[in-house]
Amino acid sequence: MQEAMIKRAKELLADGSVDRVIGWKRGEFAYDITPAVFTTAEELDRDFVCDDFTAANVSKYLVKETQKEGKILAFLKPCDTYSFNQLVKEHRIDREKVYVIGIEGGPKLDIEKIKAKGITGILSVKNEDYTLKIETIYGTQTMPFYEAILGKCASCKSKKHVVFDELIGEDGDVLDSNRFEMVEKLENMTAQERFDFWRDQLSKCIRCNACRNVCPACTCENCVFDNPKSGIDNKAPADSFEENMFHIIRAFHVAGRCTDCGECSRVCPQHIPLHLLNRKFIKDINELYGEYQAGADTTSRAPLNTYDKNDCEPSVVHERGVE
Amino acid sequence: MQVNENFEPVIVAFCCNWCSYAGADLSGTNRLNYPTNVKIIRVPCSCRVNPMFILRAFQKGADGVIICGCHPGDCHYTSGNYFTRRRITLLYSMLDFLGIERNRTRLEWVSAAEGAKFAATMQQFTEDVKALGPNRRLEDLRCRKQ
Amino acid sequence: MQRIGVFVCHCGTNIAATVDVKAVAEALGHEAGVVIAQDYQYMCSESGQELVKSAIREQKLTGVVICSCSPRMHENTFRKAAASAGLNPYLVEVANIREQCSWIHKDIATATEKAIILGKAAVAKVALNTPLTSMESPVVKRALVIGGGIAGIQTALDIAEAGFDVDIVEKNPTIGGKMAQIDKTFPTLDCAACILTPKMVEASQNERITIHSFSEVEDVKGFVGNFTVKIKKKARFVDETKCTGCGLCTEKCPMKKVPNEFNMGLDNRSAIYIPFAQAVPKVATIDPNYCMMLKTGKCGVCSKVCSAGAIDYKQQDTIIEQQYGAIVVATGFNPIKLDKYDEFAYNQCPDVVTSLELERLMNAAGPNGGTLLRPSDKTHPHTIVFVQCVGSRCDDEKGKPYCSKICCMYTAKHAMLIREKYPDTEVYVFYIDVRTPGKNFDEFYRRAVEQYNVHYIKGMVGKVTPKSDGKIDVQASDLLANEQLHINADMVVLAAAIEPDKTARPLATMLTTQMDTNDFFTEAHPKLRPVESATAGIFLSGACQGPKDIPETVAQGSAAAAKAIGLLCKNSITCNPCTAHSDELMCNGCSSCEKVCPYGAITYIDKEFRMPDRTTKIRRVASVNPAVCQGCGACTVACPSGAMDLSGFSNSQIMAEVDAICK
Amino acid sequence: MNKNLKEQVLRSSGVNVLKCMRCGKCSATCPSYDEMEYHPHQFVYMVEKGDIGTLMKSESIYKCLTCFACVERCPRGVEPAKVVEAVRLAAVRQQGGNRLEPTDIPALLDEDLPQQAIVTAMRKYAK
């Protein structure tokens, strides 16, 4: 697929349809992939990569990219198209300035899961018939493919591209995922157990802001946490409450807008399952106000920006689940 | 859990100017008693209450937060309390998900004519929060389990 | 550097009795930024205000905190005082230490502590207040009166008299309301129609008054001075402009078995009808539930006989949209349904009637031409029992908790009229209390007893049983004689409680006005602003605000008119400056705020920004129209970037209050 | 006036006699009115006054049929029948005796006796 993508990108650059291409390039290690913008055929040939590690969602970069002159080609996986659509809906991306090529999605690999097997000195990882062949400086190792996939891919919600100008490869369907399993499990715990769970998790936070910086819903010109006028600006936590506050408010700010792309948890260096907070909101919204998938379209009203006169009262929180 | 008999909770009440704040005034005019623990902050509409304010209150040591607004359908601004209802329902559900005691937060509709309901609600809420004891869960997330 | 002045009011002993006022002033004097803290007997008095003003001038204050009664009482008083001393009025904050402190607490120590905290919160807030300037917004010089009963008519006439255009929207085919159904009025016993119908005609002939009969308010948008109202003119299948009201169609209409609502269903009318002879507008209306032409397409008699060619079977509901500066609500009342009172056999026995039904039975234009006859067998009743407080003063869900106010007097009236016209009739009135506060009211009641020999019995009727001989057994207690009575009556008249009209509740939602638990509109202040609603530009007239008799209704109708005229006289009104505003540097242009704004006050513009690297960037940003924004703050929470904030209730101000309370 | 007795009656009846607005609908409804020396509304009023001894001595407490018509009809929700029952109970307790044991009932039964009468008898004569 990588070859087909490079070929198509070169064509579009050559005929002037687009001025830039956003995709991924390799870093120091094979698995160390970062999103990158390419402007020439040479750059594409040299650096462009699309493999089992290109999990990063590039749609957020289009906010800044579409503020520039000219048109950009974006390769979007199914999950990325939801984020893209949501950003178009919020007027953050100028749709006219993007040429979207839908590409097949994951599952993508999580290098941390490979490393967790005690495999170090990794040079390259190849998927051969769902067995990973891992070349290391200590020799070749293998492990089953599905044991190394990203958490977000394991509970993939959709293989469908909700927006594209053309497709490379097949379009898929919305999946019947098990993504709320963990949320449900937590809901069924006692309040004390839930509290203990989150205290353990959130106290690991080092406020590196990676979750915020990667989140396609967090595209504010100026984040409230960086704004002294908001009253909650804070980089280094001044007291024990800050992380808690940060994550609740962040989850609340993206509630009804989060497409559940799972990037927050993917990039968290402390492995905090931040996506669970977002999924809790999504699950509540689905259950209380009707099914809603952010980014599935560009016209529907976000659940928090609308209401129904017969909405439930907050006492519903008392009526369900475990105290 | 140890219940401290002398525990006096700090309770912040956000009241919309048109209904609930007037309802609170009415309970005063009618000399209906409720605990001094409750301190009211006037907001134009319950939809003005940002989740940040609620979290900030807990952060700064509040033991309970209650929001009061016009009854659904009676909002002075037509629809404000409908938005409030969604936002606050989701927020309270999230706080519950994080293991924060449910009885520390409440949303109640109190009209300008419901002075008695206001006093009774505050009385009950204060008792509920008192029973829970001081709010610790929202403060010590940094402390790892010993 | 802040220079805040704190002024603590004793309010006589209202505050000082439970709050140590001096201690509050002392404690707040130590707060950061506070340069002066004083207490005074009555801060709202002339000399109290002078204290504030001189402190502003002498101490060069940048903010003022008044610890006193509710800001709903005197915030404006102190804002005006500050303005007259040269301080922006929005640099004044009120800490409510009366309604929300001294009046609800008994213990001085804890009440004082709370008062200090409330004061600290106000000090913390005022330190962040910014001077605000009000905008002006134009006033549309036209009023809408909703409801065409005596209240609405009076209001409309008074507003028209003052030289402003008024529209009356009446849901029935004619104006006149309940008063048109009434026979005589207390305490003068003059004929209701004789005093009402001239007013109805006056309203219809006044050039400044437009009557939209058979119409309903569909939608209300906008705000004081500038409401946009959609009025639905229901199809009456008769062209109002052509119909002469000759009534030929109503005579010829073959469908004559329609319960006549004007006569409380005591007789029938035709499918095409004019409610009563003096109806205004005197125009026929076709009842589509009964009209054979509309139901089956066969008939068309009315169309054939109408020489004016006014019949239009294809007429549709139409919507009129109109701008108004002021709206007066005059939706009136109805007697409650008595279905739940089986003990009074209202549903079982036709000779048990409500008082309003009795009005029709006694009315010359009523079903019996003014002769009082039993509905069951059209015989003259010789013993009539009146039961008061049916459904009024009830503590259960069957009735209403309030006194309906008018029943004592109209029952005395009925009793008197019956005794006058039919001296052979015995009249019993069972009362719990007779309430006659009003000019000439008690004299009237005493006349019923002394001159007309009406039997007033203190006690309630327990049970009404229709008997096989057509008589009615009324079992009651005479509390003063301490005996149980059985009266062999011919008729029983129930003084049913009155309740607000059912259309009032949805209307209140449209108008964003408040109602009490009984669905009466809530006035802005129970004593000082009885004809205004809490929503600016919406006024209350008549029984929609609470039970009222005719003189009171008319008085309130005129009072509401005066208030509306006061508003319409102005060319522009001062807007609330506490509106939302968006920080363009932070706005993402995401449209969340626009979606939650109930007034459509937010629009988006593409704006060019100079970037730090000297390039320019065009971004979509929100812009709030302060003349349209009413300051609810819904957008401030919807905004994910925190760009949207509300003047007077800013994020930082509210958070400062939270901090001060939680400290 | 016996304060303790009044409190006992108020507590065991659960009635707030102050809600009464003296309309007399209870007595107007009462089928046993003529049998009773003191009538339902008087029970409410006299209990409020604390004049319970008089009521306890009166046969009226056994004349109430506990048909609950007064409870059903009272516009203020005062529930006079409960007051009557509480006074009766006070009398029964003071006398220290049960007038009716459940074991006595089979002998008293006959086919025409309505169910309610048995229940009422238990209410009135046994505690």
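Here is how names work: the chains are called A, B, and so on, in the same order as the sequence lines, proteins then strands, and each is numbered from 1.
- A heavy-atom distance below 4.5 Å is not found between the side chains of B:Ile40 and C:Glu657.
- Just one residue in the list B:Asp63, B:Val12, B:Ile11 forms a side-chain contact (heavy atoms from CB on, under 4.5 Å) with C:Cys662, and that residue is B:Val12.
- The shortest non-hydrogen separation linking C:Val637 to B:Cys47 is CG2-O, 3.2 Å.
- Within the 4.5 angstrom heavy-atom criterion, atoms from both the backbone and the side chain of B:Tyr21 approach chain C.
- Side chain of C:Arg98 to backbone of B:Gly28: no donor-acceptor contact under 3.5 angstrom is found.
- When the heavy atoms of residues 113-122 of chain B are compared with those of chain C, the residues falling under 4.5 Å are B:Ala113, B:Glu114, listed by number.
- Between C:Cys632 and B:Cys45, the shortest heavy-atom distance links the atoms O-CB, 3.5 Å.
- When heavy atoms are compared at a cutoff of 4.5 Å, B:Cys75 approaches chain C solely by way of its backbone atoms N, CA, C and O.
- Between B:Asp25 and C:Trp103, every side-chain heavy-atom pair lies at or beyond the 4.5 Å cut-off.
- Pairing each heavy atom of B:Ala24 with each of C:Gln100, the nearest pair is CB-NE2, 3.5 Å.
- Counting heavy atoms from C-beta on, the side chains of C:Gln514 and B:Ser111 never come closer than 4.5 Å.
- Using a 4.5 Å cut-off between heavy atoms, B:Phe53 touches chain C through backbone and side chain atoms alike.
- Heavy-atom minimum distance, B:Leu32 versus C:Ile104: O-CG2, 2.9 Å.
- Neither the backbone nor the side chain of C:Ala121 comes within contact range of chain B; no heavy atom of the residue lies under 4.5 Å from a heavy atom of that chain.
- A donor-acceptor pair under 3.5 Å links the side-chain atoms of C:Lys114 to the main chain of B:Val38, judged by distance alone.
- Note: C:Asn96 CG to B:Arg42 CZ = 9.0 Å, rounded to the nearest 0.5 Å.
- Checking side-chain atoms of B:Arg56 against main-chain N and O of C:Val658 turns up no donor-acceptor pair under 3.5 Å.
- Of the atoms belonging to B:Val49, it is backbone heavy atoms, and not side-chain ones, that fall under 4.5 Å from chain C.
- Screening residues 28-39 of chain B for side chain to side chain donor-acceptor pair (under 3.5 Å) gives B:Glu8-B:Asn37 as the qualifying pairs, with residues at least two apart or on separate chains.
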